Amino acid sequence: MAEASLPVPSGAAEDTPCPSILELEELLRAGKVSCSRVDEVWPNLYIGDAVTANNRFELWKLGITHVLNAAHGGLYCQGSPDFYGSSVNYLGVPAHDLPDFDISVYFSSAADFIHGALCTPGAKVLVHCVVGVSRSATLVLAFLMLRQHLSLRQAVVAVRQRRWIFPNRGFLRQLCALDQQLRGAGRN
């Protein structure tokens, strides 16, 4: 992976406590003000919308080899192993974009899927939901925290430099809980 092309944010204090929900929302507002249908937010890791994910030709042009659908089973998301065929590895997460939905139960499996893909030479991963702003962004932030050892604040800053994201408040609370759990385990 060419990680030098997308710099990891620096300057975040290692022992800074998890930001409050309001502070996180301010960080999110300070980022990129718009997003395209798909954006590379980390080397070979893309966040996109259902329109992109449902367009096999567009995925082929981007070189996408793995798709994580954070809205699996949803009305606008056609994704499944049958839809993509053998050329794309697929993981479906049946998440709902509701503040009381427990998306944290998928943090580990989503992070493992993304990490496994990024360890494969030439692989590119698309994480999507319907719009590519809340569910997919939440799973990418969790991956950056779990597998790239970024704090929540660092992960938000890294992604928002490349794409406008805005996870709902319930998802932000769950990411804060993950951040605190990782800090308790001696990681930031």
Side-chain angles (χ1 to χ4, degrees), residues 1-6 8 32 34-98 101-150 155-156 158-168 171 174-175 178:
M1 278 188 326
E3 292 188 346
S5 63
L6 296 173
V8 176
K32 194 172 177 183
S34 65
C35 59
S36 59
R37 294 202 178 277
V38 63
D39 294 293
E40 185 177 24
V41 297
W42 194 258
N44 299 318
L45 177 58
Y46 298 76
I47 295 178
D49 63 7
V51 172
T52 300
N54 292 337
N55 184 333
R56 288 179 287 229
F57 181 68
E58 184 66 24
L59 296 179
W60 174 79
K61 286 192 322 186
L62 290 169
I64 299 297
T65 58
H66 294 72
V67 171
L68 193 167
N69 177 355
H72 179 78
L75 181 61
Y76 303 105
C77 297
Q78 299 173 7
S80 71
D82 293 336
F83 177 76
Y84 294 110
S86 62
S87 63
V88 172
N89 291 314
Y90 177 84
L91 176 65
V93 171
H96 300 282
D97 192 12
L98 301 169
F101 182 83
D102 186 5
I103 197 168
S104 70
V105 299
Y106 298 105
F107 286 172
S108 182
S109 59
D112 290 348
F113 179 80
I114 295 167
H115 179 72
L118 294 179
C119 287
T120 304
K124 292 184 178 181
V125 183
L126 170 67
V127 181
H128 80 90
C129 49
V130 176
V131 181
V133 170
S134 185
R135 290 171 280 192
S136 54
T138 299
L139 294 178
V140 167
L141 293 170
F143 158 76
L144 292 173
M145 295 165 66
L146 288 165
R147 293 306 196 125
Q148 300 299 320
H149 310 292
L150 300 184
V156 166
V159 172
R160 76 163 167 78
Q161 289 175 344
R162 301 286 176 187
R163 182 176 181 85
W164 185 82
I165 60 168
F166 213 87
N168 72 51
F171 293 174
Q174 293 171 57
L175 288 167
L178 176 62

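Heavy-atom basis, side chains included; hydrogens, waters and symmetry copies ignored. Keep in mind the model is a prediction, meaning the values are calculated, not measured. In this chain, numbering begins with 1 at the start of the sequence shown.
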Which atom of L126 lies closest to which atom of I47, heavy atoms considered = CD1-C, 4.0 Å
Checking N54 side chain against A50 main chain: does a donor-acceptor pair fall under 3.5 Å?
-> yes
Test side chain to side chain contact (heavy atoms under 4.5 Å, CB included) on I165 and L141 and set out the steps.
-> CA-CA 10 Å; I165 60 168; L141 293 170; 4.1 Å; yes
Gap separating the CG atom of L146 from the CG atom of D112, nearest 0.5 angstrom = 8.5 Å
Drop me the distance from R162's CZ to D39's CG, to the nearest 0.5 angstrom.
-> 9.5 Å
With sequence neighbours left out, write down each residue that passes ring-ring contact (aromatic ring centres under 6.0 Å, His included) with F113, or none if nothing qualifies.
-> H66
Partners meeting side chain to side chain contact (heavy atoms under 4.5 Å, CB included) with T65 (sequence neighbours left out) | A123
So side chain to side chain donor-acceptor pair (under 3.5 Å) across residues 114-126, not counting sequence neighbours, yields H115-R147
R163 side chain to G132 backbone, donor-acceptor under 3.5 Å = yes
If every non-hydrogen atom of F171 is compared with every non-hydrogen atom of L98, which pair is closest and at what distance?
-> CE2-O, 3.6 Å
Is there a side chain to side chain contact (heavy atoms under 4.5 Å, CB included) between L59 and Y84 once you walk through the steps?
-> CA-CA 10 Å; L59 296 179; Y84 294 110; 3.4 Å; yes
Which is it for L139 and F107 under the side chain to side chain contact (heavy atoms under 4.5 Å, CB included) test, yes or no, and what are the steps along the way?
-> CA-CA 6 Å; L139 294 178; F107 286 172; 4.0 Å; yes
Return the minimal non-hydrogen interatomic distance between W42 and A158, and the atom names on each side.
-> CZ3-CB, 4.3 Å
With sequence neighbours left out, what residues match F166 under ring-ring contact (aromatic ring centres under 6.0 Å, His included)?
-> W164
Euclidean distance, N55 CG relative to I64 CD1, rounded to 0.5 Å | 11.5 Å
Under the salt bridge (charged side-chain N to carboxylate O under 4.0 Å, His left out) test, which residues partner D49, sequence neighbours left out?
-> R37
At their closest point, which heavy atom of A117 faces which heavy atom of V125, and how far apart are they?
-> CB-CG2, 3.3 Å
Looking only at heavy atoms, which two atoms of M145 and L175 are closest? And how far apart?
-> CE-O, 3.5 Å
Just wondering, do V127 and F143 contact through their side chains at under 4.5 Å, heavy atoms?
-> no
Work out which heavy atom in C129 is nearest to a heavy atom in A70; give both atom names and the distance.
-> CB-CB, 4.2 Å
So how far is it from R56 CZ to K61 NZ, rounded to the nearest 0.5 Å?
-> 15.0 Å
Under the salt bridge (charged side-chain N to carboxylate O under 4.0 Å, His left out) rule, what pairs show up with a residue in residues 128-146, not counting sequence neighbours?
-> none
Can you find a pair of side-chain heavy atoms, one from D97 and one from V133, that are under 4.5 Å apart?
-> no
Under 3.5 Å, side chain of Q174 to main-chain N/O of F101, donor-acceptor pair present?
-> yes
